[in-house]
Each structure stands twice: as C-alpha cells, then as structure tokens.
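What follows is a set of notes on a single structure, which appears directly below.
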Amino acid sequence: MAWRLRTVVAALALLLALPDVAAEAQTPPLIEEVIVTAAKREQSLYDVAASLSVFAGDHLGERGIADLVDVGKFVPNLNVTTFSAGHTSSANPFVRGIGTQDHLITTDPGVGVYVDGVYLGRQVGQHWNLANIERIEVLRGPQGTLYGRNSIGGAINIVTSAPGTNAGTRVSARLGSRGRTDAAVHHDGHLSDVAAVTFSGGITRRGGVGEFVNVADADRDVGEMRELSARLALAWRPSSALAMRLVADANDGGNGLNPYTTLIDEVPGGAVFAAGYRNADIAADPYDNNTGQANQVRVSNAARGVSATAEWSFAKGLTARAIGSVRRSEYTAGLDDDGLIDDFLSFPERGDADQESLEMHLVGDFELWDFVAGVYRFAEDGANVQDPTVFLGLRGRFLLAQEVDSTAAFANFSREVTTRWRLAVGIRHTRDGKNAQTDVGTGLVVAERRWDETSWDLSARYRLSDLFGAYATVQSGYQSGQFPARPYCLFADPNCFSAGDNITALNQEVGVKGQPHHRLELGAALFRTRYSDLPYQVSTTAGEGFNTVNLVVEQTTTGLELEGVLHVGAGFRFETTLGYVDAEVDPQRGVRPVAPLTPKLTASISPEYRRTLASGGEVGVRLDYSYRAAMWGEPSSDPGRLTRISSRALVNFHIGYTAPDVGWRVAVYGRNAGDARYDNARLNTGDYVLRILSNDASEFGMRAERRF
C-alpha cells in the first residue's frame with residue numbers, strides 16, 4: 001500500500017505544475033462550472049473541500065441511471081446493493097467501506113440519503129424516481145458537521161428541479177426487453193407572476209428474471225417491478241427577498257420477491273442439511289424460486305411525504321432558511337430462506353416508519369467570509385413484525401420497534417485569508433435518544449439509551465489558479481449506538497438487548513479538484529479514516545432462531561479516488577473514475593473480520609461522442625463501462641470463501657438523436673449489455689448460505705421524449 005500512496009502523491013505533485021500553464025493560456029474555458037449545495041449553500045463544485053461526485057439530471061438516462069443502485073456503478077469507492085428483506089425497492093449504499101446491509105428499524109445506515117435537504121430515514125423505498133432530478137451529489141467520507149447523524153460514511157444529496165425553472169411540459173417513454181414499459185410526465189408552469197408549480201408522475205414496469213415454480217397462478221415473477229410515483233411542488237416568491245416551497249410526494253410498488261438462492265450442501269453440519277435437504281431440492285435455475293408459500297411471492301412498498309421550505313434574505317448577505325418534513329413509509333416483504341416447497345425457514349415481514357424533521361439555517365455570504373449555522377431535530381417511530389416466522393419448522397412471532405429523537409446544533413465558518421488561501425472550521429453537537437422493544441417469544445423486552453457527541457472539521461483550500469485548487473481536511477463523524485436487529489440471544493441471555501456505544505470516525509484527506517487545463521476536469525483525493533466502536537452485523541443461528549450479532553470493531557480505511565473528464569474536442573469527451581480502498585479491521589475474538597460489500601478497486605470508463613448535423617439536430621453516442629472488484633458478502637471472511645462475491649464488469653450503451661428545436665429526442669439503449677449476472681450479498685448463517693442475486697439482467701430498448 002505504501003508504494004501505491006507514494007506513486008499517487010508523485011502524480012498529484014506533477015499535476016500541481018499544470019495550473020500555471022493553464023492560467024497563461026488565452027483559450028476560453030470549454031467546461032461549464034457546476035454549482036452545488038453540498039455544503040448547505042450554493043458554491044462552485046471546485047470550492048468544496050471534500051471528495052464529491054455530481055450527476056446532472058439531464059444526462060442520467062444517457063448513462064443508464066434509473067435509480068440509486070445505478071448511481072453506485074459510476075462513483076469511486078461506492079457500491080449500492082438491493083438486499084433488504086428480499087425487496088426490489090431498496091438501496092443500501094456502502095462508501096469507503098461503511099454502510100449497512102440490513103433494514104430493520106434498529107439499524108441505521110452509514111450513508112445518509114437526502115432529497116431537497118430532507119433526510120430519508122429508511123432504506124426500503126429509496127429507489128427514488130429520477131424523472132425530475134436537477135442533479136445528484138455524492139459526498140464521500142464522514143459528514144459530521146453539516147449532515148450529522150447516519151452520515152459517517154458519506155451522504156447522497158438529491159436535488160429536484162424547482163418550480164418555474166424550465167417552464168413547459170415533458171413527456172417520456174421507454175420500451176424494452178424484459179417487458180420494460182415506462183412512462184413519465186413532468187410539467188413546470190407559472191400560476192402567476194409570483195407563483196409556479198411542477199408536477200411529475202411516472203409508472204415503471206419491468207418483467208422478472210425467474211419464476212415461482214411451485215406457486216400456482218403466481219401474479220408476479222421473481223424480481224418483477226411495478227412502481228407508481230407522483231410529486232407536486234408549489235413555489236411562491238412574493239418578493240426578491242422571500243421564497244417558499246411546498247412539496248407532496250407519493251410512491252407505491254407491488255413487485256416480485258428479489259432473486260436469491262440457498263446453498264445447503266456447502267454447510268454440511270447445518271440443521272437444514274441434517275434434516276435431509278440438499279441443493280437438489282432448490283430450483284435448478286438460481287433465478288427461479290421453489291418456495292411453496294404464496295405469501296412470499298410479492299413485496300410491496302408505499303411512501304408519502306410533505307415538506308415545506310422557506311428562505312428569507314432579510315439583510316444584505318444574510319439568509320434564513322427552514323426545512324420541515326413529515327414522511328411515512330411502509331412495506332411488506334420477507335424471505336423463504338430455504339427456497340423449498342416445504343415451510344421450513346420462512347420470514348414473511350411487514351414494517352412501517354413515521355418520521356418528522358425540522359432544520360433551520362442562518363446563512364451568511366460576504367466578500368471575504370461566509371458561514372452556515374443552524375439547529376436540527378429528527379424523530380422516528382417504526383416497527384417490523386414477522387408473523388408467523390418459521391424456523392426449522394417451528395412457528396413463532398417476531399416484533400421489533402423503536403422510537404428515535406435526535407437534536408443537533410451546528411455551525412461552519414470559512415474565511416479567505418489571502419487571495420489564494422481559504423480556511424474553514426465547523427462544529428456540531430448531537431443528542432440522540434432511542435427507546436426500543438422486542439419480542440422474540442420470550443416476552444416483551446424494553447430498553448432505552450441516550451448518546452451525545454461533538455463533531456468537528458478543519459479544512460484549508462489553496463487556489464492554484466482561477467479554476468483549480470488543492471485542499472486538505474481533518475473531520476470527525478458520529479453515529480449513535482444500535483440495538484441488535486434480531487435478538488434471539490434473549491433465549492440464552494435476558495440482558496443481551498442493549499445498545500452499543502457511540503460510533504466515531506476521524507478522517508484525514510488531501511486532494512485537488514478543478515480544471516488544470518481548459519480541456520481537462522480533474523478531482524483526486526487521498527484519505528485515511530479511523531472508525532471506533534463500529535458495529536459489524538454478523539449472522540448466526542442460535543438454536544431458537546436467526547440471530548444478528550453486533551460485533552464491535554475498530555477499522556482503519558486508507559485509499560484514493562480519481563475522477564476526470566477530458567474534452568478532446570470535435571465533439572469527443574472521455575470520462576473515467578478510479579477508486580481504491582484498503583479497510584483494515586482489528587482482530588476480534590481471535591478472528592479478523594472484513595469490511596462487507598466493499599470492493600478494493602472500483603473503476604469506470606465512459607467515452608462519448610456528439611455531432612451536430614447539417615439539419616441542426618444532434619447525434620450522441622455514449623459507452624459506459626463499470627467495474628467492481630471481488631468483495632466479501634458479510635463481515636466474516638470464512639475459510640471456505642463461501643461469502644466471497646466475484647468481481648463484475650458491466651457495459652451500457654446509448655445512441656440518441658435530438659431534434660434541432662430540442663422538441664423531441666429518441667434513443668436506443670442497452671443496459672448490462674453483456675448480461676453479467678452477479679451477487680448483491682452472501683450470508684453464511686452456519687446452517688446454510690443465503691446468496692442474494694442481482695436483479696440487473698441485460699436490457700435493450702428505446703427511449704423517447706417530447707417537450708412542449
């Protein structure tokens with residue numbers, strides 16, 4: 001690892017010599033500067049002292065990006081899987097070795113997902129509809145001061161188009177293989193001189209990858225998707241100083257159970273094997289399912305939310321902002337773990353969560369200095385129920401519920417000390433309280449705990465030229481402890497239902513970003529992060545049921561990230577990303593765990609060519625190659641390598657035509673054109689290996705869009 005770091009440092013040093021040449025060049029910039037809100041205020045992407053990727057909403061379709069899982073294919077050191085309870089509408093991001101592969105109410109994600117500043121507390125249903133997206137920002141590393149809780153690995157910030165931004169109507173459709181039938185409409189219009197409205201609605205349908213062989217008249221295939229979504233936003237700006245926005249959104253999904261298969265023979269000492277079952281009893285095609293339980297065919301999700309945002313520029317350089325939100329989500333899902341016609345291991349499940357949040361900011365922007373200060377409150381009340389849960393043929397009921405109350409105060413201040421140097425400091429104090437209860441068949445058990453933590457960050461940015469700079473930052477992160485997700489340990493230990501200590505992170509990072517040359521965009525970062533009291537979820541069988549143990553570890557993550565766009569000219573550009581991460585975990589109980597679902601190497605290569613025709617129309621051709629190296633499906637690196645996930649390489653293509661008046665667009669596309677089949681996760685329970693398969697088979701089709 002040392003020689004790799006020395007090589008990258010030498011390369012960065014060489015790059016630092018480029019800006020002087022760029023500064024002297026008289027050629028006007030070819031690249032439009034991107035404005036982001038990753039730091040809770042508008043600023044240039046190049047001025048953010050953090051490793052940050054940005055995706056423009058207009059280009060998501062061209063890259064084959066339909067949801068957050070697709071975003072995870074093109075960001076260095078990011079891996080997004082669908083795992084939760086066999087649900088097709090879930091997203092589990094892992095950034096730099098940090099994430100959560102579970103979904104139960106007592107588990108918290110390590111990567112926060114935000115939509116227009118509103119935090120989404122639950123993973124199921126995070127397949128956000130991307131039809132009305134202005135941009136997606138992916139921040140890597142702990143975001144302890146501005147984003148706070150549950151962002152110790154990073155944050156994904158989704159920004160939608162504001163009402164009145166692009167007046168008109170846009171209708172789009174997509175038809176393709178696998179029964180793909182999508183339709184969406186987006187309208188942006190002015191109600192008056194001071195009011196505007198947007199409406200977005202869409203339907204997504206895609207066939208499955210397998211069949212439920214033993215369920216007669218199953219109304220869904222394995223992995224089938226049927227989703228509806230709608231969003232209404234009203235904006236009111238009575239003056240240049242005051243702006244308000246009210247947003248309501250909803251989505252419903254009735255999908256087929258995610259593809260998976262159970263490996264029995266690989267664990268010959270397991271109870272399933274001892275009961276006489278073998279791999280020959282499961283479906284011959286792993287994408288088929290041999291379950292005999294009709295209630296395991298379908299999964300569903302529904303979410304409703306209302307948010308309100310107000311901004312008041314009450315003095316020169318000073319703006320007050322408030323963001324309030326109320327959301328509810330619910331789902332039905334579950335797994336028939338054994339994949340057999342017999343009801344031997346099955347966990348049908350339903351869950352719900354209600355959340356409220358309020359965040360208030362005071363933003364100051366002056367000639368030499370700026371600041372963001374604010375307060376935050378988040379509350380959540382949710383539960384998961386499995387009834388009946390069947391383990392080794394024995395029937396029971398499982399309940400898990402939790403209430404969360406979190407408050408925080410924060411401030412971030414930066415100042416330009418010279419024409420080249422800018423320094424920043426931030427601090428945040430958080431108080432979290434959790435009240436949890438569970439019943440695994442031993443009676444209702446109730447527990448509670450409170451935590452508080454102060455996070456901080458220091459950063460410096462050095463301007464090498466007008467459009468290129470270097471930065472260094474030291475930042476801490478925090479997450480409250482967690483209660484165990486499946487505490488069947490209560491049968492042996494009545495006191496095991498207790499939460500862990502604070503999870504803390506300390507990140508050290510240096511990088512460069514900007515335009516070292518008028519044809520080149522570049523971002524590069526080196527980082528080292530130390531995590532303390534990090535809970536790893538280890539799956540076991542404990543006689544009475546499936547048990548999830550929080551194995552508390554110390555982890556040190558070291559790595560690098562590189563993103564570049566070369567504008568060659570004559571309509572050709574070349575994008576590439578590269579990520580390398582080495583996660584070292586201290587030994588625990590004589591065993592060295594591994595960071596789950598974290599490939600050491602991530603990369604993407606994306607050439608693109610655009611040409612304007614004599615008619616005035618434009619033809620565009622794009623190819624996207626994405627690579628994720630081999631990884632472990634759970635924190636334990638078992639000697640038999642049963643939870644090892646092989647590397648994967650995916651290829652998308654897009655060939656499109658845009659009419660001269662931009663009134664309509666048409667394109668042909670291919671997603672996962674090589675039909676690569678890969679695993680999302682692997683769990684060795686000690687009785688069997690649960691292999692969660694990707695729902696990402698090849699798809700070819702046509703996209704069309706009309707603007708009015």
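Quick caveat, the model's predicted, so the values are computed rather than measured. Residue numbers start at 1 and run along the sequence shown.
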Calculate, to the nearest 0.5 Å, the distance between atoms [atom1] and [atom2] belonging to [X] and [Y] respectively.
X: S476; Y: D457; atom1: OG; atom2: CG; value: 7.5 Å
X: S313; Y: L242; atom1: OG; atom2: CG; value: 9.0 Å
X: T602; Y: L578; atom1: OG1; atom2: CG; value: 6.5 Å
X: L597; Y: N92; atom1: CG; atom2: CG; value: 8.5 Å
X: Q101; Y: S90; atom1: CD; atom2: OG; value: 12.0 Å
X: F314; Y: T319; atom1: CZ; atom2: OG1; value: 7.5 Å

Next on the checklist: Could you check, using the six-membered ring where one of them is a Trp, whether Y119 and F378 have ring centers closer than 6.0 angstrom?
Outcome noted: yes
Item to check | Proximity of Y147 and Y114 rings by center, below 6.0 Å | outcome: yes
What's the shortest heavy-atom distance between [X] and [Y], and which atoms?
X: I98; Y: I152; value: CG2-CG1, 4.0 Å
X: V510; Y: A472; value: CG1-CB, 3.9 Å
X: F410; Y: T145; value: CB-O, 3.4 Å
X: F74; Y: D70; value: CD1-O, 3.5 Å
X: G144; Y: R428; value: O-CD, 3.0 Å
X: G141; Y: V95; value: N-CG1, 4.3 Å

Next on the checklist: Evaluate T556 against T529 for side-chain contact (heavy atoms from CB on, under 4.5 Å), listing each step before the verdict.
Outcome noted: CA-CA 6 Å; T556 302; T529 313; over 6 Å; no
Item to check | Sole candidate of S51, P93, S53 that passes side chain to side chain contact (heavy atoms under 4.5 Å, CB included) when paired with V75 | outcome: S53
Between the side chains of [Y] and [X], is the shortest nitrogen-to-carboxylate-oxygen separation below 4.0 Å, so that they form an ion pair?
X: R41; Y: D365; value: no
X: R96; Y: E561; value: yes
X: R431; Y: E453; value: no
X: D370; Y: R422; value: yes
X: K73; Y: D624; value: no
X: R63; Y: E608; value: no
X: E62; Y: R622; value: no
X: R237; Y: D193; value: no
X: E403; Y: K434; value: no

Next on the checklist: Here's a test for you: under side-chain hydrogen bond (donor to acceptor under 3.5 Å, both in side chains), which of T504, D432, T430, T454 qualifies with Y478?
Outcome noted: D432
Would you call [X] and [Y] a side-chain contact if the rule is heavy atoms closer than 4.5 Å?
X: H186; Y: T198; value: yes
X: V474; Y: N507; value: no
X: P163; Y: R245; value: yes
X: H517; Y: F468; value: no
X: I323; Y: V118; value: yes
X: R135; Y: L60; value: no
X: V138; Y: L52; value: no
X: R573; Y: R610; value: no

Checklist entry - Parallel under 30°, tilted from 30 to 60°, perpendicular over 60°: which one fits the rings of W369 and F413? => result tilted
[X] side chain to [Y] backbone, donor-acceptor under 3.5 Å:
X: R528; Y: L506; answer: no
X: T473; Y: L458; answer: yes
X: K513; Y: E563; answer: no
X: N502; Y: D452; answer: yes
X: Q355; Y: G121; answer: yes
X: N251; Y: R304; answer: no
X: D188; Y: N166; answer: yes
X: R170; Y: R707; answer: no
X: E356; Y: A379; answer: no

Less than 3.5 Å apart, any donor N or O on the side chain of [X] or [Y] sitting next to an acceptor on the other?
X: E359; Y: S357; answer: no
X: T107; Y: T100; answer: no
X: R321; Y: T309; answer: no
X: E521; Y: H567; answer: yes

Checklist entry - So with a 6.0 Å cut-off around CZ of R328, is the heavy-atom count from everything else above 12? => result yes
Checklist entry - More than 12 foreign heavy atoms under 6.0 Å from CH2 of W236: is that the case here? => result no
Item to check | Derivation of the side-chain contact (heavy atoms from CB on, under 4.5 Å) call for D108 and S480 | outcome: CA-CA 9 Å; D108 290 324; S480 61; 4.1 Å; yes
Next on the checklist: Tell me every residue that passes side chain to side chain donor-acceptor pair (under 3.5 Å) with D47, counting only those two or more places apart in sequence or in another chain.
Outcome noted: R461
Next on the checklist: With salt bridge (charged side-chain N to carboxylate O under 4.0 Å, His left out) as the criterion, how do K40 and E137 come out once you've worked through the C-alpha distance, each side chain's angles and the decisive distance to 0.1 Å?
Outcome noted: CA-CA 12 Å; K40 304 289 187 179; E137 305 168 354; over 6 Å; no
Next on the checklist: Run the side-chain hydrogen bond (donor to acceptor under 3.5 Å, both in side chains) test on T160 and R231 for me, step by step, so that the C-alpha distance in whole Å, both residues' side-chain angles and the decisive distance to 0.1 Å come before the verdict.
Outcome noted: CA-CA 10 Å; T160 66; R231 179 180 175 87; 3.3 Å; yes
Checklist entry - Can you list the steps and then say if L362 with V372 is a side-chain contact (heavy atoms from CB on, under 4.5 Å)? => result CA-CA 6 Å; L362 178 62; V372 177; over 6 Å; no
Next on the checklist: Could you go through I105 and R122, starting from their C-alpha distance and side-chain angles, then the distance that decides it, and tell me whether this counts as side-chain contact (heavy atoms from CB on, under 4.5 Å)?
Outcome noted: CA-CA 8 Å; I105 194 68; R122 293 294 106 195; 3.9 Å; yes
